[in-house]
Amino acid sequence: MSGIAGVFNLDGSPVAAGLLDGMLRDISHLGPDDSGLWLRGVVGFAHTQLRTTPESRYERQPLTLCNDKYTIVWDGRVDNRPQLIEELGPEVSVTEFTPDAELALWSYVKWGDDAPKRLVGDFAFVIWDDSRQRIFAARDPMGLRTVYYHLTDDAFVFASDIRAITNYHGVAPRLNKLMVGLHLLGRNHEAEQTYYQGINQIAPAGRMSVDVNGVNKDLYWQPRPWDVIEYDTLEEYVEHFRTVFRLSVESKIRGITPIGITLSGGMDSTSIACTAADIIKRNPSSDTKLTTFSSVFDDHEAADERSYIRHVLDKWDLEHNFILSDNLWAFKPLQNRDVFFSQPYAVPFQARHEGTLQLARKANVRVILTGEGGDEQLNPGFAFLLDHLMGFRLRKLRQELKFVAPNSRKSFYKAAFWALVPERIKRVYSRVRVGKAPRWINYQFLKSSGALSHTGITTEGHKFKDLHTETTFVGLRGLSRQPHFTYIRELWESYQVEPRHPFLDLRVIDFLSRLPPHLKFKQGWTKYLLRKAMEGVLPDEIISRPGKTIFNDLLVTGYREEKDRIGKVLRDSRLISQGWVDGDRLRSYFDDVVQGNLSPGNRVMLSFLTFEDWMANYFDSNGGGTFAPPGQLLVKGSLYWR
């Protein structure tokens, strides 16, 4: 994990060293182990580093190659190191000890703009190509690392932390009204826009070049669920998945401190923990040490997973940390006030996450593996059932529906009814629905912000053979734009801990996205292939576990415990005072959720509260001012709408 920042003056003026020093200070929290500056006329880079891999001990950035022809600042990790070293070939002087940043830069030297296609891992990087007098930048396919940037006719400014940009010259924090509307609607899966006007981010799987002639940008990778993997036997699918999953886990337990794992009682995190333990056991020379972190509860029995977790710990004799979390209820404020969030995140359990990070820091753990991404990729939803219906495969449909839970079956019938509606009627209905706003949000606000007409994720001209293929494609695009991953990175980096997500490894994603749907759901079993692949690795009690833990009690407890604070937010709300949301309706929703009725008020309150909290604690602290009427420009450093 690293912090990167820099400036390219397109007007030809030299970059001021003092400016670069300031940007370095703004990203210093991202890397306590080392820092560096590089300055050459119109361009300058800054870098700070947190060392988490064996190779990072030899790394110094900014890094230059080929007599200063190429210079890189890199935030990331290369997970396909052996393959990449082999592909670079003997003409490139790299070894197993070569740092990741150098491998990435040599990849650019050899393959140019196609270099990101060769990299597997989490990364964001910027390269100065002196021979072409241009910037080249890229971001990993799932958007797990971030590069923010501000571009004018005069300069291109970039950084890992938005504050390093808002502190640059006159780039004042100004709120992006579109993103506010999308957040309240629960649709803020934006690829490039941020909550700050004039500051964008490179899209997941995005690459861009900047020179005096302009900007070029595109996507270098996309999912390909239409290229279905077809094997003759289940065993072939199992073996293929085991291979890519073990490669992913093995590449992510590289470290120079103990490797942590967030361990629940579900299939995803337990598969990671048990696979990691098995890899280490089969390698007697390995000195990797694993330790797990699990939230447990005495007062909330429905949320406690100790019985399942203990089966894993007993099978593999893992070192473990139980974090008693009854008092880490929803909406409890964070203790660490040094954390900075670049946007509001609809995450109620921040305090639970912080409890894990506090313990990890004490245990000198700099890397924690998570099960993020497993649910989204291994649950096929209703799409394949609807494909059975539309393809008149009614016998198969009846066989699968027998195993679908009654509540879910009702939802399927509603989806099936809509699927059978003629397209002409759907188009009419869609035109009628355009411009309809939820009753608690002001229609005029949503209309003026552009949120109602925002297209969101599109299929970009692709034609799909069935609904399952289309929803897989759109789902992965949405997953890569998921704000939750940026939230994890920003919270964890404040504790100098690097998150790693084995299910979001490109090799795993490519395989799972191309699976036939019956290997994800079969005879009532979700994650069917994962269950088969983990036989002998996971305890049987985990493999045969039918459902998931629900944290509704902890949510209701949070609303009740934070009732006074939430009441004050409702009284002092900026959104309510502007008339953008309906205060009376919100207070009614709040009364409902305090009484335990979480639907539909929980999602509404979550969107509202997280935005108000972010504005008060993060946007304002970054120099944002007070709300202003549309079109009214206030003094520099304050917020305004365009």
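Side chains are part of it too, since the values below use all heavy atoms of this structure and drop only hydrogens, waters and symmetry mates. Everything numeric here is computed off the predicted structure, so don't read it as measured data.
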Out of curiosity, [X] [atom1] to [Y] [atom2], how far, rounded to the nearest 0.5 Å?
X: L184; Y: S607; atom1: CG; atom2: OG; value: 6.5 Å
X: M179; Y: F611; atom1: CE; atom2: CZ; value: 11.0 Å
X: M267; Y: L530; atom1: CE; atom2: CG; value: 3.5 Å
X: L504; Y: T370; atom1: CG; atom2: OG1; value: 7.0 Å
X: I425; Y: W418; atom1: CD1; atom2: CH2; value: 9.0 Å
X: L452; Y: I441; atom1: CG; atom2: CD1; value: 8.5 Å

Whether the [X] and [Y] side chains hold a donor-acceptor pair (N or O, under 3.5 Å, no angle test) is what I'd like checked.
X: Y589; Y: N602; answer: no
X: Q222; Y: H462; answer: yes
X: N321; Y: S294; answer: no
X: T146; Y: R489; answer: yes

Heavy-atom closest contact ([X] atom, [Y] atom, distance):
X: R352; Y: S325; answer: CG-CB, 4.3 Å
X: I253; Y: I259; answer: O-CG1, 3.8 Å
X: L538; Y: C274; answer: CD2-SG, 3.6 Å
X: A302; Y: T549; answer: O-CG2, 3.3 Å
X: V238; Y: A533; answer: CG1-CA, 3.8 Å

Evaluate side-chain contact (heavy atoms from CB on, under 4.5 Å) for T356 paired with I323, printing each intermediate quantity in order.
CA-CA 7 Å; T356 295; I323 305 158; 3.4 Å; yes

Test item: [X] side-chain N/O and [Y] main-chain N/O as donor-acceptor pair under 3.5 Å:
X: W614; Y: Y345; value: no
X: S248; Y: P502; value: yes
X: E239; Y: E235; value: no
X: D326; Y: D299; value: yes
X: T292; Y: T262; value: no
X: S269; Y: S264; value: yes
X: R139; Y: Q201; value: no
X: D387; Y: L467; value: yes
X: R514; Y: D227; value: yes
X: N80; Y: V120; value: yes

Is it the case that R545 places NZ or CZ above or below the six-membered ring of Y308, under 6.0 angstrom from the centre and within 45 degrees of the axis?
yes

Centroid-to-centroid, [X] to [Y], below 6.0 Å?
X: F245; Y: F511; result: no
X: H518; Y: F384; result: no
X: F403; Y: W525; result: no
X: Y413; Y: F417; result: no

Lys/Arg-Asp/Glu bridge criterion (N-O < 4.0 Å) met for [X], [Y]:
X: D79; Y: R507; answer: no
X: R145; Y: D140; answer: no
X: R500; Y: E498; answer: yes
X: R587; Y: D591; answer: no
X: K281; Y: D278; answer: no
X: R207; Y: D218; answer: yes

side-chain hydrogen bond (donor to acceptor under 3.5 Å, both in side chains) between W580 and Q444: does it pass, once the steps are laid out?
CA-CA 8 Å; W580 293 346; Q444 290 299 329; over 6 Å; no

Applying side-chain hydrogen bond (donor to acceptor under 3.5 Å, both in side chains) to H454 and S449, what does each step give before you reach the verdict?
CA-CA 9 Å; H454 188 66; S449 72; over 6 Å; no

Derivation and outcome, side-chain contact (heavy atoms from CB on, under 4.5 Å), residues D582 and N442:
CA-CA 7 Å; D582 186 329; N442 182 285; over 6 Å; no

What do the steps show when you test I566 against M605 for side-chain contact (heavy atoms from CB on, under 4.5 Å), and what is the final call?
CA-CA 10 Å; I566 294 173; M605 291 302 299; 4.3 Å; yes

Indicate every side-chain donor-acceptor pair of residues 481-488 with a distance under 3.5 Å to a residue at least two apart or in another chain.
residue : atom : partner : partner atom : Å
Q482    : OE1  : H484    : N            : 3.4
H484    : NE2  : E372    : OE2          : 3.1
Y487    : OH   : H353    : ND1          : 2.7

I need the full list of salt bridge (Lys or Arg N to Asp or Glu O under 4.0 Å) pairs touching residues 522-535, with sequence neighbours left out, sorted by first then second residue.
D268-K527, D375-K527, K532-E535

Show, in sequence, the C-alpha distance, side-chain angles and deciding distance for L515 and Q377, and conclude whether the side-chain contact (heavy atoms from CB on, under 4.5 Å) test is met.
CA-CA 10 Å; L515 269 185; Q377 295 185 78; over 6 Å; no

Evaluate the ring planes of W226 and F464, with Trp represented by its six-membered ring, and classify them as parallel (under 30°), tilted (30 to 60°) or perpendicular (over 60°).
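W226 vs F464 ring planes: tilted.
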
